[in-house]
Every structure is written in structure tokens, then in C-alpha cells.
Protein chains: 2
Amino acid sequence: MTEGWERRLRDHGFRITPQRQLVLEAVESLRHGTPEEILVEVQLTASGVNLSTIYRTLEVLEEVGLVTHAHIGHGPPTYHAVDEDTHIHLVCDRCGTVQSVSGTVAQDFVARLEAEYGFRTDISHVSVHGLCVTCKDRAYEAEADDQL
Amino acid sequence: MTEGWERRLRDHGFRITPQRQLVLEAVESLRHGTPEEILVEVQLTASGVNLSTIYRTLEVLEEVGLVTHAHIGHGPPTYHAVDEDTHIHLVCDRCGTVQSVSGTVAQDFVARLEAEYGFRTDISHVSVHGLCVTCKDRAYEAEADDQL
DNA sequence: GCGGGGCTGCGAATCATTCGCAGCAACCAA
DNA sequence: TTGGTTGCTGCGAATGATTCGCAGCCCCGC
């Protein structure tokens with residue numbers, strides 16, 4: 001009985017290796033993870049795995065549709081398993097906090113982009129920048145200062 | 001008669017320098033530009049300007065609200081003058097093309113994020129990933145192959 | 001079980017960005 | 001206008017993330 005992930009790899013002409021299994025499991029258990037974080041998780045089981053392998057493996061897993069990545073803020077990308085609930089990251093450009101919200105808030109927006117531009121949005125990949133509630137209030141004060 | 005950009009810098013305690021003027025002009029004339037591209041543009045006028053200065057200057061200009069930046073795809077960020085019409089980048093993850101569309105398509109989405117989460121979206125900073133019309137069609141074929 | 005070619009570990013290379021520092025110059029005051 | 005004080009810049013090195021080249025290993029079809 002071939003598991004789904006094995007089939008997906010094979011169907012795209014890739015081999016099944018322990019590293020690929022471990023990386024996929026790490027992504028699933030972390031839910032959010034940068035390559036560096038995934039490396040640490042993988043090394044709990046297999047300490048010999050190299051960071052280059054993490055990068056190459058994530059690329060492969062993404063190509064066959066088992067994981068996706070999103071860019072949050074300026075740092076390295078974070079990877080997710082595709083079966084995660086799709087969500088959107090609200091990134092505060094001032095304090096750097098990241099809030100995950102359900103992808104459903106963007107459904108209308110996504111539909112509109114498809115209708116008007118034929119663009120098929122990968123919603124889980126979107127990250128939205130701006131100011132969180134807290135920092136927004138502080139920004140108002142700064143604007144008030146500007147007026148003086 | 002002090003020009004607006006000079007006033008903005010002074011009001012935040014920054015000095016007026018030729019480099020800052022040139023970088024701002026370069027951003028305005030390029031409309032979209034990475035630090036590297038801005039350097040080239042600036043060096044048409046002043047060849048001695050250094051890339052470090054471009055980075056530092058962009059940071060300052062952003063802090064005082066004269067420019068903003070957006071992350072498009074995996075490469076370096078691109079900078080825009082703030083008086084540009086706000087727009088959104090639709091980035092195709094397959095072919096890499098970037099399409100700029102009016103920010104108005106996102107107004108409802110932005111309003112909803114503010115209403116539901118108190119999040120103030122910087123719309124010009126959003127970049128939306130997915131598949132463009134052309135690549136979307138090609139993706140359908142690939143999915144069809146998967147079914148076999 | 002065997003062989004070929006994909007995969008991995010390792011270290012070096014690359015790319016973007018940041019930092020440290022010494023000299024220069026913008027700006028305030030007299 | 002003339003100084004003096006900082007802030008700003010150029011330069012080169014450091015850093016951090018990601019990629020590359022290559023030799024050896026091991027997955028997989030026969």
C-alpha cells in the first residue's frame with residue numbers, strides 16, 4: 001500500500017528517500033517552518049542531514065505539490081503542508097508580529113482577481129503587510145505629531 | 001521655498017544630501033526599482049555613489065514616508081515613490097511575470113481585514129502570488145495528466 | 001544481486017544586505 | 001562667513017541565506 005506522498009513523488013519521477021520522508025513529516029508537525037527550523041526538527045531523528053538537502057528536498061516537495069511556501073516579512077520563507085487549512089498571514093511592518101487568519105476572508109478578493117484578470121491566486125501564499133491594531137493606534141499619534 | 005521632500009527629511013531630523021535627492025529622483029523615474037537598479041540610475045548622474053548608501057538612503061526615505069517597498073517573488077524588494085498610484089502586483093509563480101493592477105480591486109478586502117481584525121493593510125506592499133492566465137491553462141493540462 | 005543514475009553530504013561560491021570606521025560635509029550658532 | 005559638531009558617505013569586510021560542484025552512496029528496475 002503506497003502512501004499518498006510516495007505516489008506523488010514517484011509519479012513525478014522522483015525517488016523515495018528517508019530524507020524526503022523526514023522533511024515532509026517535519027513540515028507537517030511544525031505547521032510553519034523555515035528551512036533552518038525544519039533542519040533542526042529533522043535532525044532530532046537523523047542528525048546527519050545537511051541543510052542543502054533541506055533546501056533541495058523542499059523544492060522537490062513543492063514541485064510535486066506536497067508543500068507550499070509563503071514569504072512572511074523580510075526573513076526566510078516558511079513552508080506548510082498543503083493539507084493545512086489555507087490561511088493568510090497578516091504581517092505587522094512595525095512590530096513584526098504575524099497573525100494567521102482564515103483564507104475565507106479573501107474569497108471575494110480571489111474571485112475578483114480571477115474574474116477581472118484571469119489570475120488564479122494561490123491564497124495560502126499571500127502575505128498581507130500593514131499595521132496591527134496596536135501599532136495602528138501608535139501610528140495615529142505619530143500623524144498627529146506631523147501636523148504640528 | 002522648501003520642496004516637500006526636503007521638509008519631510010528635516011522634520012524627521014535628517015539632513016538634505018545630494019545622494020538622497022538622487023535616490024528619490026531615481027525611484028520616481030524608474031517607478032519600480034530594486035536597490036541594484038536604483039544604483040545604476042543614480043550613477044548616471046553621480047558615479048561615485050555606493051550601493052551601501054542606496055540601501056541606507058532607501059531606509060531613510062521609507063522611514064519618512066517618501067518611498068515604500070514591496071516584495072515581488074523571491075528576488076530583492078522593489079521600491080516605489082509613495083505618490084505613485086497604489087497598485088498590487090500579481091506574481092506568476094510559474095513563469096515569473098509580474099502584472100500591476102489597480103489597488104481598487106482590493107478595497108473590499110482591505111476594508112474587511114480592518115473590520116474583522118483591526119488590521120490596517122498597506123495595500124501597495126501586498127504582492128499576490130499564483131498563476132497567470134497562460135500558466136493557469138497549462139496547469140489544467142498537468143492536472144489532467146495526474147488523473148491518468 | 002547488480003548496475004546506472006538520481007540523491008546526499010560537504011565545502012566552497014554566490015547574492016543580497018549590513019556593519020565598522022575614517023574622512024567629508026550639512027547645518028546651527030555666533 | 002566661519003567654525004565646530006555630528007550626521008552622512010564611501011569603502012571594504014562581515015554576515016546570513018541560498019545555491020552549486022563534486023565525489024560517493026543508495027534507491028530502484030532488471
Side-chain angles (χ1 to χ4, degrees), chain A residues 2-3 5-26 32-40 42-43 45-64 66-67 69-79 93 96, chain B residues 2-3 5-26 32-40 42-43 45-64 66-67 69-79 93 96:
Chain A
T2 305
E3 304 229 3
W5 64 274
E6 297 185 342
R7 182 167 201 295
R8 271 206 109 80
L9 282 170
R10 272 196 238 281
D11 287 353
H12 287 257
F14 294 106
R15 293 185 179 171
I16 310 303
T17 70
Q19 287 87 341
R20 286 174 180 166
Q21 176 181 355
L22 289 172
V23 169
L24 181 57
E25 287 172 357
H32 278 56
T34 63
E36 209 72 50
E37 290 164 348
I38 292 166
L39 174 67
V40 171
V42 166
Q43 288 185 333
T45 306
S47 61
V49 177
N50 193 276
L51 184 54
S52 315
T53 302
I54 303 292
Y55 278 101
R56 286 186 290 226
T57 301
L58 287 171
E59 194 180 330
V60 167
L61 294 178
E62 182 151 34
E63 183 178 337
V64 305
L66 289 168
V67 304
H69 75 274
H71 295 278
I72 300 181
H74 291 189
T78 65
Y79 285 81
D93 288 327
Chain B
T2 305
E3 304 228 5
W5 64 273
E6 297 185 340
R7 181 165 203 295
R8 272 207 108 81
L9 283 169
R10 271 196 239 280
D11 286 354
H12 286 258
F14 292 108
R15 294 183 180 172
I16 310 303
T17 69
Q19 287 87 341
R20 286 175 180 165
Q21 177 181 355
L22 289 171
V23 168
L24 182 56
E25 287 171 357
H32 279 57
T34 64
E36 209 70 53
E37 291 163 348
I38 292 166
L39 174 68
V40 171
V42 167
Q43 287 185 335
T45 305
S47 61
V49 176
N50 193 277
L51 183 55
S52 314
T53 301
I54 303 292
Y55 278 101
R56 286 185 291 225
T57 302
L58 288 170
E59 194 180 331
V60 167
L61 294 178
E62 182 152 33
E63 183 177 337
V64 304
L66 290 168
V67 305
H69 75 273
H71 296 276
I72 300 181
H74 291 190
T78 66
Y79 284 80
D93 288 327

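All figures in this text were calculated on a predicted structure; none of them were measured in a lab. Letters A, B, ... mirror the listed sequences (proteins, then strands); counts begin at 1.
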Would you say [N] has OP1 or OP2 under 4.0 Å from some side-chain N or O of [X]?
| X | N | answer |
| --- | --- | --- |
| B:Arg10 | C:dC27 | yes |
| B:Asn50 | D:dT9 | no |
| A:Gln19 | C:dG9 | yes |

Tell me the interatomic distance from [X], atom [atom1], to [N], atom [atom2], rounded to whole angstroms.
| X | N | atom1 | atom2 | answer |
| --- | --- | --- | --- | --- |
| A:Ile16 | D:dC26 | CD1 | C1' | 14 Å |
| B:Leu58 | C:dA16 | CG | C1' | 13 Å |
| B:Leu9 | C:dA25 | CG | P | 19 Å |
| A:Glu63 | C:dG6 | CD | C1' | 14 Å |
| B:Ile54 | C:dT18 | CD1 | P | 13 Å |
| B:His71 | C:dA16 | NE2 | P | 15 Å |

### Task
With DNA chain C as reference, determine whether B:Thr17 or B:Glu59 sits nearer its 5' end, using the nearest nucleotide of each.
B:Glu59
### Query
Start at the 5' end of DNA chain C and walk down; is the nucleotide closest to A:Val49 or to B:Phe14 reached first?
A:Val49
### Task
Go through the steps for A:Ile16 and A:Arg10 under the test side-chain contact (heavy atoms from CB on, under 4.5 Å), then give the verdict.
CA-CA 7 Å; A:Ile16 310 303; A:Arg10 272 196 238 281; 3.5 Å; yes
### Nearest-nucleotide comparison on DNA chain D, the residue closer to the 5′ end among B:Arg20 and B:Ser52
B:Arg20
### Message
Once you measure the plane-to-plane angle for B:Phe14 and B:His12, does it fall in the parallel (<30°), tilted (30-60°) or perpendicular (>60°) bin?
### Response
parallel
### Message
Students often get this wrong, so: under 4.0 angstrom with heavy atoms, is A:Gly48 touching a base, only sugar-phosphate, or nothing?
### Response
sugar-phosphate
### Query
Does B:Glu36 reach the side chain of B:Leu51, with side-chain heavy atoms less than 4.5 Å apart?
yes
### Beyond-backbone contact of B:Val64 with B:Trp5, side-chain heavy atoms, under 4.5 angstrom
no
